[in-house]
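Only one structure is covered here, and it is reproduced in the block below.
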There are 2 protein chains.
Amino acid sequence: MYSLVEENYLKALFALSKDIGSVSVNDLSKHLDIKMPTVTSMMKKMAAKKLVAYESYKPLKLTEKGKKEAALIIRKHRLTEMYLVEKMGFGWEEVHNIAEQIEHIKSPELFTKMDELLDYPKFDPHGAPIPDINGEMEWKAYSKLSECKAGEKVRMAAVINTSDGFLEFLNSREIRLGLKIKIMSVEPFDNTMVVRYKKHDQESLSHTVCERLLVEKV
Amino acid sequence: MYSLVEENYLKALFALSKDIGSVSVNDLSKHLDIKMPTVTSMMKKMAAKKLVAYESYKPLKLTEKGKKEAALIIRKHRLTEMYLVEKMGFGWEEVHNIAEQIEHIKSPELFTKMDELLDYPKFDPHGAPIPDINGEMEWKAYSKLSECKAGEKVRMAAVINTSDGFLEFLNSREIRLGLKIKIMSVEPFDNTMVVRYKKHDQESLSHTVCERLLVEKV
DNA sequence: GTAAAAAGTTAGATTAGACTAACAAATTAG
DNA sequence: CTAATTTGTTAGTCTAATCTAACTTTTTAC
């Protein structure tokens, strides 16, 4: 069994490897808001437990074991988020912090039960895939909305950034997963998009926003 | 905000004061399975935070503040147990360990939501009262089954011991809260009771068991 | 009412996980 | 290609919560 702190290092390493490929001590230090010497010493400790392949001055890499453990924590996080939204009525902007804590609960039964009650969900409330019990997970081949062209019709599939602020912004525009959106035009100057959906005839979305929305073409 | 460790000391102090009136360092040490010197030093630390009134060689006492904090943790524990049983389908023998962890979650919203979804329950799945949001709680005037006499009819109101083993024993005899029981006879020698309920015509319950069952006379 | 036992305290060590200061290696810029 | 900058490591300190060993106070037994 791993400590709460180790679990957080695992999650961070896993997430950063996804986002930026290779992970430096500096990246991890910034992401966790923990000073570099502390990170170095934790990496040595986790290397001793075969969770991380650590060599001085080299990029950090999770071992297969580390990846699996990380994925299982992410599984618990995402199942919890889904449970909170679907079964308890929380908004998608409210669940991150709660799930951040519940993911560390030591009780396979609790998560098995959530999984059953949710009927084995494949995605969390932000569209991220929920790893299976073996830690296997796959992102579908979504596009960023920002990469789409005027005239295309797409369906909202996932959000990349899950900060409260961003999700509240989406709420205020009634943008949610599954929503069908037509791209009316793209401003060449700053890449702002004008889109149409539901009762929103011409909603304009900045490039910053469009970069954080993943869609499926329909 | 208190640490997980402090919260556990608070809960233990609260529970022991209920059970055995005054609490010694030794009692607390045994209950928490933590050595006495550690307990002494934690008591000093918690005294500095005004949670405990500590004087060398004197019995330990929670302050009003300490009692309220303890009751609020117990509130979270019991709400969680009720939620797990009522909304997730766990058995009353399965929920203690999970609630023991979830009670430390920092999210007033989570517990408010449980309370709402459960429609403001007054008792947990073992019949123990759930403190209100101000930490107020009251045990009803129940009797131990062991104190009842042959011929009396009673209703199961609560269980004192909530160990898995004891609850599984009750499950095996189909004894649950609300059950109406008639006391057929009491063996004078060892106080074993013969009782009748549902399809159980003459179930015999040891004194040890009867001591742990709280009932209301009907 | 003293002696033995039990309970409680003090002092000092340990571990996990954090930090700062100082130094070393690697990368980047001119 | 060297110098400056950035990144990473080492060494040593700190805090929370634990422990053991040794000592003191209180309680219990006779």
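Everything quoted here is computed from the prediction, not taken from an experiment. Residue numbers start from 1 in every chain, and the chains themselves are labelled A, B, ... in the order their sequence lines are given, proteins ahead of strands.
Nearer to the 5' terminus of DNA chain C, by closest-nucleotide assignment, is the contact made by B/Asp27 (compared with the other of B/Asp27 and A/Met42).
Here A/Lys44 lies in heavy-atom contact (under 4.0 Å) with sugar-phosphate atoms only. Counting any heavy atom pair closer than 4.0 Å across all strands shown, B/Ser41 reaches a base atom.
Remark: the backbone N or O of B/Lys106 is paired with a side-chain donor or acceptor of A/Gln101 at under 3.5 angstrom. In this structure a side-chain-to-backbone donor-acceptor pair under 3.5 Å is present from A/Ser29 to A/Ile34.
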Which atom pairs, donor and acceptor, lie under 3.5 Å between side-chain atoms of residues 35-43 of chain B and protein residues at least two apart or in another chain?
from	atom 1	to	atom 2	distance (Å)
B/Thr40	OG1	B/Met36	O	3.2
B/Ser41	OG	B/Thr38	O	3.1

Counting only pairs under 3.5 Å, give me each side-chain donor-acceptor contact of residues 132-145 of chain A, with atom names and distances, residues two or more places apart or in other chains.
from	atom 1	to	atom 2	distance (Å)
A/Asp132	OD1	A/Asn134	N	2.8
A/Asp132	OD1	A/Gly135	N	3.1
A/Asp132	OD1	A/Glu136	N	3.0

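To the nearest 0.5 Å, the span separating CE on B/Met82 from CG on B/Asp124 amounts to 7.5 Å.
Distance CE (B/Met36) to C1' (D/dC23): 13 Å, rounded to an integer number of Å. Atom pair B/Tyr54:OH and C/dA7:P shows a separation of 16 Å (rounding to whole Å applied). Here the C1' atom of nucleotide C/dT9 and the CG atom of B/Leu28 are 15 Å apart, to the nearest Å. Atom CG of B/Asn26 and atom P of C/dG8 are 5 Å apart (whole Å). To the nearest angstrom, C1' of D/dT20 lies 10 Å from NZ of B/Lys35. Protein atom CE of B/Met43 is 13 Å distant from nucleotide atom C1' of C/dG8, rounded to whole Å. Remark: C1' of D/dT15 and NZ of B/Lys49 are 12 Å apart, rounded to the nearest angstrom. Distance CG (A/Asp33) to P (C/dA18): 11 Å, rounded to an integer number of Å.
Taking the six-membered ring where the residue is Trp, B/Trp92 and B/His126 present parallel rings, their angle staying beneath 30° rather than reaching 60°.
Heavy atoms only, all atoms of each residue included: B/Phe111 and B/Ile105 are closest at CE1-O, 3.5 Å.
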Review item, nucleotides 21-26 of chain C N/O atoms under 3.5 Å of protein N/O:
from	atom 1	to	atom 2	distance (Å)
C/dA25	O4'	A/Tyr57	OH	3.4

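Listed nucleotides C/dA18, C/dT10, D/dT9 differ in distance to A/Val25; the shortest reach to its side chain belongs to D/dT9.
At the phosphate of D/dT7, neither OP1 nor OP2 sits under 4.0 Å from any side-chain N or O atom of A/Ser24. Distances shown here put every side-chain N or O of B/Tyr9 at or beyond 4.0 Å from the OP1 or OP2 atom of D/dA16.
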